[in-house]
Amino acid sequence: MVRASYAAIIIFALFVAVIVSNQIISKWNWTYYQSKPSAFATIQQAQYYPEDHPEAQIKADYPRNGSRAIIHMGPHKTGTTTIQRFTFHHKLILKEDGYELLEVTNKEDNLRSKRKKIIINSVNFATCFIDPQHEGRIRYPCDPDRLLHGLDLARKGSNVFISSEAFAKMDEEGVAMLENYLSHWSDVTIILFYRRYYEWLPSLFNHENKRWYRDESKWGENIVDFLEENSETYHSYYVWSLLQRLRRKFDEKNIILMDFHDKSTRGPEETLFCNIPNATEMCNAARSSKEENLNPSVNLDYFDLAYGAKKEGMVSMSGTKKTTKLLKAIEKYHNTNLTGAKFERVCASSTILERIWSMTLAADSKLNPRNNPDNYDEMRLDFEKSASTKLCKLDVAKTLNNPAWKNFFDAYNKVDHKT
């Protein structure tokens, strides 16, 4: 009887503890912050804590004890995925070098793949500093727990390493917010990678659109229209534009520009970790790493051709499984039966191409750590090659009028209907 009473008391105590803990935890969720006029205002006024939390009384300038924050901002398509994957696989070595990651384990994280976990954690931190209406923040909502966890580390005098290309989408206010947040560390280093503009643009387009078949609203988009219509929007994500915004808030000595084209290292992970303070073990690991390009471009010509054939009624295309099957058949036919014969192409206008080249030259003269004007002739030749390949779209009409492709789609359609 006595044991039963004790058991009842313990169960009741646990029940109360759960209720109380849930009430406390609820104050940390994003709904709490959204109820305020401005998430940033709340963060500023309460030193990143809810106003009624005891920590809100602590002054902003915590004892920093020589702590360091390394912020890798990419931008997109400069080896960021490779760096993030490498960091995840070697986080214990990173810790040996004295750096912490902003990892917050929760149920949602546990449902994701290991590869996604570290990337998404960084994204959900970085999006706290971009416009709440930006599609990037809508897709990857700001997680205030990561903001709070970072400040806990700052108060303990811990060094942190944060990597996310989402930082490139910060506007002026976002940069000011980040500068305010990072002031809790004694030393701040921001890492950016430079990639030539004419290489970066088609790589970015490919990244944004290589899973088209999963989103029918994007069917029919192509790089020529992208260059004509969206150059200003995406230009703001380019390293040169991002650097200008950062320089208005951060000292030049706190920003390190690294060269994506550096052939003296085995990859971006070595370039980064062998050039930041106190990362000897990570540098050694990077030099012996076997990480491969984890976010490669794909050939979008096959999808353009498939979509063009669908519009002409030459083939049906619906659902991921069916579309994937068709794309594989097109690729196999092109490489086997046609031995990879070159497609007819439609390229960007001379006005657009010259604008891209001018931007490339301007950025390279300012940003390229290995800048040598003598190399511009070689770079121009490479640009002209891209101008007739990567900066062009498939000429769908001419390709579909080719008897070889007519025969392919006719034969495929017959087999498809039988199955």
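We use all heavy atoms of the structure for the numbers below, so side chains are in, but hydrogens, waters and symmetry mates are not.
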Within the distance-only criterion (no hydrogens, no angle test), does the side chain of [X] pair as donor or acceptor with the backbone N or O of [Y] below 3.5 angstrom?
X	Y	result
Asp131	Met170	no
Ser365	Ala362	yes
Asp171	Gly174	yes
Ser358	Arg355	no
Thr389	Lys385	yes
Asn254	Phe250	no
Asn159	Ser67	no
His261	Arg196	yes
Asn206	Pro202	no
Thr127	Tyr140	yes

Calculate, to the nearest 0.5 Å, the distance between atoms [atom1] and [atom2] belonging to [X] and [Y] respectively.
X	Y	atom1	atom2	value
His235	Leu204	NE2	CG	13.0 Å
Glu179	Met177	CD	CE	12.0 Å
Trp405	Asn407	CH2	CG	11.5 Å
Leu257	Asn275	CG	CG	11.5 Å
Ile356	Thr351	CD1	OG1	11.0 Å
Ile330	Asn335	CD1	CG	12.0 Å

From CA spacing to verdict: side-chain contact (heavy atoms from CB on, under 4.5 Å), Lys77, Glu165
CA-CA 9 Å; Lys77 303 313 298 177; Glu165 52 270 60; over 6 Å; no

Determine, for [X] against [Y], whether the closest basic-nitrogen to carboxylate-oxygen distance falls under 4.0 angstrom.
X	Y	value
Asp152	Arg155	yes
Arg139	Glu135	no
Glu331	Lys328	no

Less than 4.5 Å apart, side chain to side chain, heavy atoms only: is that true for [X] and [Y]?
X	Y	value
Arg248	Val175	no
Phe343	Asp395	no
Glu96	Met282	no
Phe167	Ile162	yes
Lys310	Ser316	no
Lys366	Trp240	yes
Leu391	Ile352	no
Met73	Ile71	yes

Could you walk me through whether Glu269 and Thr82 pass side-chain contact (heavy atoms from CB on, under 4.5 Å), step by step?
CA-CA 7 Å; Glu269 66 272 40; Thr82 299; 3.6 Å; yes

Quick one: is the NZ or CZ of Arg68 closer than 6.0 Å to the six-membered ring centre of Trp185, and within 45° of its axis?
no

Show the numbers, then the answer: is there a ring-ring contact (aromatic ring centres under 6.0 Å, His included) between Phe273 and Phe86?
CA-CA 11 Å; Phe273 286 109; Phe86 173 80; 5.8 Å; yes

List the steps and the verdict of side-chain contact (heavy atoms from CB on, under 4.5 Å) for Phe383 and Glu199.
CA-CA 8 Å; Phe383 167 73; Glu199 285 190 12; over 6 Å; no

For the student: nearest non-hydrogen atoms of [X] and [Y], plus distance:
X	Y	value
Ile256	Thr189	CD1-CG2, 3.5 Å
Leu101	His149	O-NE2, 4.0 Å
Leu182	Ala69	CD2-CB, 4.2 Å
Ser388	Cys347	CA-SG, 3.9 Å
Pro132	Ile138	O-CG1, 4.0 Å
Ala285	Ile93	CB-CD1, 4.2 Å

Taking atom types as modelled and ignoring hydrogens, do the side chains of [X] and [Y] form a donor-acceptor contact shorter than 3.5 angstrom?
X	Y	value
Thr80	His72	no
Tyr302	His334	yes
Ser203	Arg195	yes
Asn222	Asp225	yes
Thr271	Thr265	yes
Asp364	Tyr197	no

Aromatic ring proximity Tyr412/Tyr333, centre distance under 6.0 Å:
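Between Tyr412 and Tyr333, the centre distance exceeds or equals 6.0 Å.
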
I want to know whether Tyr181 and Phe125 have ring centres closer than 6.0 Å.
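They qualify: ring centres under 6.0 Å apart.
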
Over 60° means perpendicular and under 30° means parallel, so tell me whether Phe226 and Phe205 are parallel, tilted or perpendicular.
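If you compare the ring of Phe226 with that of Phe205, the planes turn out tilted.
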
Tell me which one of Phe193, Trp200, Tyr198 satisfies ring-ring contact (aromatic ring centres under 6.0 Å, His included) with Tyr238.
Trp200

Under the salt bridge (charged side-chain N to carboxylate O under 4.0 Å, His left out) test against Asp301, which residue among Lys342, Arg345, Lys393 passes?
Arg345

So, applying side-chain contact (heavy atoms from CB on, under 4.5 Å) with Leu102, which one of Leu147, Leu153, Asp145, Asn124 is it?
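Option passing the side-chain contact (heavy atoms from CB on, under 4.5 Å) with Leu102: Leu153.
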
Determine whether more than 12 heavy atoms belonging to other residues, nucleotides or ligands lie under 6.0 Å from atom CD of Glu172.
yes

Verify side-chain contact (heavy atoms from CB on, under 4.5 Å) between Lys169 and His76, making sure each step is shown before the conclusion.
CA-CA 10 Å; Lys169 297 173 181 176; His76 286 278; 3.7 Å; yes

